[in-house]
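The block underneath contains the structure these notes are about, expressed in structure tokens.
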Amino acid sequence: MPLPFHYSLLAPLILLLPFSSALVYNTFDGPGFPACYNVSQVLAPSSIPEVISIVRSAAASGSRVRAAGKGHSWYDTQCSDAETIIVQTEGLHGIYDFNLPDGAEEGEVTVDAGVTFFQLAEYLHERGASVGYTLTNWNISFGGSVAMGAHRSSIREHSMVAAGALAMEIVDGKGEVRRVERDDGDDEWLAASTSLGLLGIIVRVRLRIYKDTKVYAKQETLDERHVLEGDIYGMIAPYATANLWWWPYKRKFHHRYYDVVDPKSTPQQGFQNTFSVTELEAIAARTMLDSGKFLPTSNMLAEEIFFGLWSKPNFREKTNNTEIHDWPVYGWNYDVLIGGLYPDQKPEWDYKLAGYTLELAFPVTMANQMLKRVRSLFDAELKKLIVMTSTYRSGINIKFGKAYYDLLGQGTYNTSDGADWTKGTIMFDFPSYRPTIGDNKRFNEQFYHKVADTLIAEFPCRPHWTKNTRDVISKSVKNLDPDHLRRFNEVRKRFDPNGMYRSVVGEILGFYN
Ligand SMILES: Cc1cc2nc3c(=O)[nH]c(=O)nc-3n(C[C@H](O)[C@H](O)[C@H](O)COP(=O)(O)OP(=O)(O)OC[C@H]3O[C@@H](n4cnc5c(N)ncnc54)[C@H](O)[C@@H]3O)c2cc1C
Ligand SMILES: *[C@@H]1O[C@H](CO)[C@@H](O)[C@H](O)[C@H]1NC(C)=O
Ligand SMILES: *[C@@H]1O[C@H](CO)[C@@H](O)[C@H](O)[C@H]1NC(C)=O
Ligand SMILES: *[C@@H]1O[C@H](CO)[C@@H](O)[C@H](O)[C@H]1NC(C)=O
Ligand SMILES: *[C@@H]1O[C@H](CO)[C@@H](O)[C@H](O)[C@H]1NC(C)=O
């Protein structure tokens, strides 16, 4: 990925004109869902030289800066609380230097930071390639996912987005472009691999790609006991990607798994519906779940309905947009693993169906112990005659990760906690409906905090970096390896000595003390 020219020669002069008062910058959920509280301006550069120029002007005036991708995060942890300039990467959407020689299984491609999974998937599919399993959802940027350690779910294959990166270019705190190459012996790479945006703005990523494949998706329904007492590792590890969805009120799990098939074996082109709903479904769900703020029976009914819907394939045939009724479903890699929106529907958040979430990673060797502990917390409520449920349309998401070594990733190993992370991780991702009414708190709100506090206190678990509240991240710091934090901070000081890229997450981790 050689740079074609010296960027700074082309950098236009950018004047930073602050708003008269700070504004709130929201997540994808819009007003009421702040990502940053104190934003002086939102800039949308359309080239890397422009990014450099913005950063240099900001550095000269002592301003803070944070990159922004597609806003797909949940909480108010993106910036620090002091005045910050937001630099959106949407205008950085080039895809370059595609290289997958005929007959080769693997190749490479370079993307600008603002490229989304959907954009790259389309580009690659036209050229007979895919990014494999290092994926997240469709409208999320590569810059945002690599920065925050985002991942899919697999034990057998690498599925953390950063694991598919071979090199990246970062605009540091002086406005210089630094190129960092994959090298497990180099702390700069190990820090850049999950940088939390604290080293600077990632502007380009070189990615590993693969020959495109067709895959199948299959799903089974399991009794809860079968999973809690079962060989969880054995349910996940054999497949290219697999996960569980837990229905705690129904005491059931869905077990979803995917793997490669011969492309000639099937004409089907299944396309997964990731988050789309019809307006009618959305209004029904919202009405039911809002009443569930007070009435547990509404939540019980909701889980019953969601479970029934989620038992069927959430796929359509892409060529003619007709529903697919039977498992397994077959189709092209990206369409089946992720898919997107159906053409006649909108994403749930466009209908004010918003959520809270919590996501923690545990060593997969503790999978049964962790899930049983959560079960015991549900049961403790039942003893008080309080029925708790999943209020999310696909239940509680249980994901997995292959061990991946870096400093701040959820799946790293060889850490001072002495836990065995080498077999991989299990992630407990507990989304829940955020009532649109009153104080927006959930039915039996304290239960959710009890679950988080108990797991963090009793297990060596690590937080996902965009799916947890400030409180959860603060409490989780005790579970992180102090030596990893120290090594990360040494690199950070070299990239950003004045801390212009600081965020609430970086502050909680103690990097600016
Ligand atoms: C509906 C939905 C589904 C999701 N699915 C998954 C999933 O399957 N797996 C998973 O792990 N996560 C998932 N996430 C979380 C998501 O992957 C992360 O929050 C990701 O960071 C969002 O990227 P973004 O492009 O939307 O960036 P933003 O939300 O805009 O930014 C996220 C953070 O990254 C920083 N950042 C963004 N771009 C850059 C850059 N170029 N350089 C440096 N820092 C940058 C920002 O400053 C911010 O701190 C999901 C989120 C949503 C809302
Ligand atoms: C993707 O995100 C952009 C905002 O960054 C939004 O305008 C667009 O509608 C989204 N696309 C889908 C399919 O949700
Ligand atoms: C915004 O940050 C500035 C410092 O950068 C601070 O003085 C001000 O109080 C902050 N405003 C809000 C609303 O937090
Ligand atoms: C849609 O396409 C699939 C796969 O080619 C085919 O089996 C099905 O009959 C088609 N349905 C309609 C309504 O055209
Ligand atoms: C594991 O940690 C030890 C001690 O910190 C170190 O010597 C060793 O190189 C590490 N191994 C890996 C794979 O990082």
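Just follow the structure's listing: the first ligand is 1, and inside any ligand the first atom is 1.
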**Study point:** Partner of L408 under side chain to side chain contact (heavy atoms under 4.5 Å, CB included), chosen from L485, L480, V505, L198
**Key:**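 That would be L485; it is the only one of L485, L480, V505, L198 passing the side chain to side chain contact (heavy atoms under 4.5 Å, CB included) with L408.
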
Practice item. Take R178 and E176 through the salt bridge (Lys or Arg N to Asp or Glu O under 4.0 Å) test and state the conclusion after the steps. Key: CA-CA 6 Å; R178 296 199 189 211; E176 301 290 335; over 6 Å; no

**Study point:** Under 4.0 Å from ligand 2 - residues by heavy atom, chain and number
**Key:**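 For ligand 2, the residues that come within the 4.0 Å heavy-atom cutoff are K70, E90, W138, N139, L341.
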
Got a salt bridge between [X] and [Y], using NZ or NE/NH1/NH2 to carboxylate O under 4.0 Å?
X    : Y    : result
R204 : D97  : no
E323 : K312 : no
K70  : E90  : yes

Would you say the side chains of [X] and [Y] form a donor-acceptor pair under 3.5 Å?
X    : Y    : answer
R64  : S80  : yes
R393 : N314 : no
R256 : S394 : no

Regarding ligand 1, does [X] bring an N or O atom to under 3.5 Å of one of the ligand's N or O atoms?
X    : result
K70  : yes
T136 : no
A150 : no
I202 : yes
S141 : yes
T89  : no

Would you say [X]'s side chain and [Y]'s backbone share a donor-acceptor pair under 3.5 angstrom?
X    : Y    : answer
K214 : Q268 : yes
E348 : L353 : no
N498 : M500 : no

Per-atom contacts of ligand 1 with [X], taking only distances under 4.0 Å to non-hydrogen atoms:
X    : result
G197 : 43 (C), 44 (N)
R66  : 35 (C), 46 (C), 47 (O), 48 (C), 49 (O)
A68  : 30 (O)
A113 : 41 (N)
I201 : 42 (N)

Check your understanding: Out of G71, A354, G144, who gets a non-hydrogen atom closest to atom 28 (P) of ligand 1?
Key ->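 When every heavy atom of G71, A354, G144 is considered, G71 comes closest to atom 28 (P) of ligand 1.
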
[atom] - nearest protein heavy atom and its distance:
atom                    : value
atom 29 (O) of ligand 1 : H72 N, 3.0 Å
atom 43 (C) of ligand 1 : G200 O, 3.5 Å
atom 13 (C) of ligand 1 : K467 CE, 3.8 Å
atom 5 (N) of ligand 1  : N137 ND2, 3.0 Å
atom 48 (C) of ligand 1 : Q78 CG, 3.5 Å
atom 31 (O) of ligand 1 : G69 N, 4.1 Å

Review point. Does H151 approach ligand 1 within less than 4.0 angstrom via side chain, backbone, both or neither, non-hydrogen atoms only?
Key: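 For H151, the contact with ligand 1 is made by both the backbone and the side chain.
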
Review point. Any idea which part of W74 is under 4.0 Å from ligand 1, heavy-atom wise: side chain, backbone, both or neither?
Key: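 Near ligand 1, W74 shows its side chain, while the N, CA, C and O stay back.
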
Point to revise | Partner set under disulfide (SG to SG under 2.5 Å) for C36, not counting sequence neighbours | key: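 Per chain and number, C36 pairs via disulfide (SG to SG under 2.5 Å) with C79.
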
Review point. In a check of ring pair (Phe, Tyr, Trp, His ring centres under 6.0 Å) between F117 and each of Y123, F142, W138, Y133, which one passes?
Key: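 Answer after filtering Y123, F142, W138, Y133: F142.
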
Check your understanding: Heavy atom of R152 under 4.0 Å from ligand 1?
Key ->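 R152: no contact with ligand 1 (<4.0 Å).
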
Exercise for review: Could you tell me which residues satisfy salt bridge (charged side-chain N to carboxylate O under 4.0 Å, His left out) with R487, sequence neighbours excluded, listed by chain and number?
Suggested key: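 Salt bridge (charged side-chain N to carboxylate O under 4.0 Å, His left out) list for R487, sorted by chain: D187.
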
Point to revise | Contacts of type salt bridge (charged side-chain N to carboxylate O under 4.0 Å, His left out), residue R502, not counting sequence neighbours | key: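 So R502 forms a salt bridge (charged side-chain N to carboxylate O under 4.0 Å, His left out) with E507.
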
Exercise for review: Consider every N or O of N320 and every N or O of ligand 4, then say whether any pair is closer than 3.5 Å.
Suggested key: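 It does: an N or O of N320 is found under 3.5 Å from an N or O of ligand 4.
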
Review point. Does the side chain of V109 come within less than 4.5 Å of L120's, by heavy atoms?
Key: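 L120 reaches V109 side chain to side chain.
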
Check your understanding: Centroid-to-centroid, Y239 to Y258, below 6.0 Å?
Key ->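 When the ring centroids of Y239 and Y258 are compared, they turn out to be at least 6.0 Å apart.
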
